[in-house]
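One structure is given here, and the rest of the page talks about it.
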Number of protein chains: 2
Amino acid sequence: MAIKEGLRPGGRSARVQESIHSAVNALLQEQERSTVTVPQIAARAGVTPSTIYRRWGDLAALLADVALARMRPDSEPANTGSLRGDIRAWAEQYLDEMSSEVGRNMMRDVQASATPGYCVAIIGAQLQTIVDRYPNEKTPSVDRLIDLVVAPVVFRILFSATALEVDELHRLIDIALRLD
Amino acid sequence: MAIKEGLRPGGRSARVQESIHSAVNALLQEQERSTVTVPQIAARAGVTPSTIYRRWGDLAALLADVALARMRPDSEPANTGSLRGDIRAWAEQYLDEMSSEVGRNMMRDVQASATPGYCVAIIGAQLQTIVDRYPNEKTPSVDRLIDLVVAPVVFRILFSATALEVDELHRLIDIALRLD
DNA sequence: CGCTTAAAGCAAATTCTTTGTGTTAAGGTC
DNA sequence: GACCTTAACACAAAGAATTTGCTTTAAGCG
């Protein structure tokens, strides 16, 4: 009797997950997302399909998991010295990362998953970090920033053929900073 | 030799499509979207699965088609007498329709389809109709309205557990109307 | 080292998807 | 209206993906 909550994340399990994640990323690089299948991923990862089905349930859940792993930031938002600068820098990078084919597909997969909210949590944390750098300024709430800056960026990526122009992004940031 | 562009939308074809659309809507009402399958729809519609695969390609495309059909407005946006009033009325109704379980799933299906932009086109046309009622006022562009009002509504529906509060919606509309 | 069991492997059963071929009926011509 | 042409559907067999029962491996303890 052991191990809290019956989880076993070490050793082989971790290796298999790593191997599967790599396989997914590699395949998404080489071919259309709609042509990627579970048996294909399994073969590439040197694993049985049933392993994937048992751990993730279905292809959509696996793709969402991989996408979220890639979205997890590996560094703090850049510090430019001003609130507007920090937000601009962060938003521009975000727009850039998500505007690509793979980026858009990542958004789609996360969105279709059971917990799309986790993605917002990550974004919110990043924005919170920025806002917290300026305790003496009147800053907009993170929710407001999400509504006025993140939402338009993501919406256009998901629904529109063309991504937001940087000019328009700056205008939206200015609107968000002109708090009321 | 006849028929422009080899389409044949009349008679049986139309009946089959209608039957399949009804079947989808009925099934989406009764069970989880993720449990709905093509063979199931086919059976309900009194049709062979291959008919569906040949016409739509896959389940996702069919669901998107059905969702778009339901999104197509059956009436003009309400005319309240003022720009703010019209936009509020429209946005509140939109928020309401899309906040439900089925509404959210419709958005997801359309978004995942090959032409999510068509959905924006419908929304844009509705907003354009409203804006055109006030040729003597300085009105925001439709794009701006989409960025500041529609995007947050949709984003929160897709990514957040809780929908936008009506209060916050009004605030966003006010921001959009305070043009610059 | 040995025990327990979560997680992976394997393979059969099931279900979904694709595809080849024949049939039905829309839409046009005379 | 009788008669073509062929798009769209039905049917059935082949192929692929998913599920499931059972076995084997090795992670995490004592």
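Letters go in sequence order (proteins before strands), and every chain restarts at 1.
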Got a list of protein N/O to nucleotides 1-4 of chain D N/O distances below 3.5 Å?
none

Handout entry: Pairwise side-chain contact, A:E18 with A:S22, heavy-atom cut-off 4.5 Å (strictly under)
Key = yes
Taking distance alone, no hydrogens or angles, what donor-acceptor pairs closer than 3.5 Å link side-chain atoms of residues 25-32 of chain B to residues at least two apart or in another chain?
unit_1 : atom_1 : unit_2 : atom_2 : d
B:N25  : OD1    : B:R70  : NH1    : 3.3
B:N25  : ND2    : B:H21  : O      : 3.3
B:E30  : OE2    : B:R44  : NH2    : 2.6
B:Q31  : OE1    : B:T35  : OG1    : 3.0
B:Q31  : OE1    : B:Q40  : NE2    : 3.2

Practice task
Could you give me the CA-CA distance, side-chain angles and deciding distance for A:I41 and A:L59, then say whether side chain to side chain contact (heavy atoms under 4.5 Å, CB included) is met?
Solution key: CA-CA 10 Å; A:I41 296 168; A:L59 177 62; 3.8 Å; yes
Exercise for the section: With sequence neighbours left out, write down each residue that passes side-chain hydrogen bond (donor to acceptor under 3.5 Å, both in side chains) with B:S100, or none if nothing qualifies. Expected result: none
Problem - Partner residues of A:R88 under the side-chain hydrogen bond (donor to acceptor under 3.5 Å, both in side chains) criterion, sequence neighbours left out - result: none
Whole angstrom value for the distance that separates [atom2] of [N] from [atom1] of [X]:
X	N	atom1	atom2	answer
A:W56	C:dA6	CH2	P	18 Å
A:I52	D:dT20	CD1	P	17 Å
A:D58	C:dC16	CG	C1'	14 Å

Problem - Qualifying side-chain hydrogen bond (donor to acceptor under 3.5 Å, both in side chains) pairs with a residue from residues 114-130 of chain A, counting only residues at least two apart or across chains - result: A:Q128-A:D132
Report, one pair per line, the protein and nucleotides 21-25 of chain D atoms (nitrogen or oxygen only) whose separation is under 3.5 Å.
unit_1 : atom_1 : unit_2 : atom_2 : d
D:dG21 : N7     : A:R54  : NH2    : 3.2
D:dG21 : O6     : A:R54  : NH1    : 3.2
D:dT25 : O2     : A:R12  : NH2    : 3.1

Please list every donor-acceptor pair under 3.5 Å in which a side-chain atom of residues 75-87 of chain A meets a protein atom from a residue at least two apart or in another chain.
unit_1 : atom_1 : unit_2 : atom_2 : d
A:N79  : OD1    : A:G81  : N      : 3.1
A:T80  : OG1    : A:S82  : O      : 3.4
A:T80  : OG1    : A:D86  : N      : 3.1
A:T80  : OG1    : A:D86  : OD1    : 2.7
A:S82  : OG     : A:G85  : N      : 2.9
A:R84  : NE     : A:D174 : OD1    : 2.9
A:R84  : NH2    : A:D174 : OD1    : 3.2
A:D86  : OD1    : A:T80  : N      : 2.6
A:D86  : OD2    : A:R133 : NH1    : 2.9
A:D86  : OD2    : A:Y134 : OH     : 2.9

Fill in the blank from the handout: Only one of B:T162, B:L158, B:L164 passes side chain to side chain contact (heavy atoms under 4.5 Å, CB included) with B:S160, and that residue is B:T162
Exercise for the section: Give, ordered by number, those residues of residues 35-44 of chain B having at least one heavy-atom distance below 4.0 Å to an atom of DNA chain D; if nothing qualifies, reply none. Expected result: none
Practice task
For DNA chain D, determine which residues of residues 17-29 of chain A have any heavy atom closer than 4.0 angstrom to one of its atoms, and list them numerically.
Solution key: none
Practice task
Can you tell me which residue pairs pass the ring pair (Phe, Tyr, Trp, His ring centres under 6.0 Å) test with a partner in residues 72-111 of chain B, sequence neighbours excluded?
Solution key: B:W90-B:Y94
Completion exercise
Quick note, ring pair (Phe, Tyr, Trp, His ring centres under 6.0 Å) partners involving residues 140-168 of chain A, not counting sequence neighbours, are A:F155-A:F159
Problem - OP1 or OP2 of D:dA10 under 4.0 Å from side-chain N/O of B:T48 - result: yes
Practice task
Ignoring backbone atoms, test whether B:R15 places a side-chain nitrogen or oxygen under 4.0 Å from the OP1 or OP2 oxygen of D:dA8.
Solution key: no
Practice task
Measure from the side-chain N and O atoms of A:S141 to the backbone N and O of A:R144, and report whether any donor-acceptor pair falls under 3.5 Å.
Solution key: yes
Completion exercise
Tightest non-hydrogen contact, residues B:V149 and B:A176, listed as CG2-CB, 4.2 Å
Problem - Those residues that, when tested against B:S19, pass side-chain contact (heavy atoms from CB on, under 4.5 Å) (two or more places apart) - result: B:A45
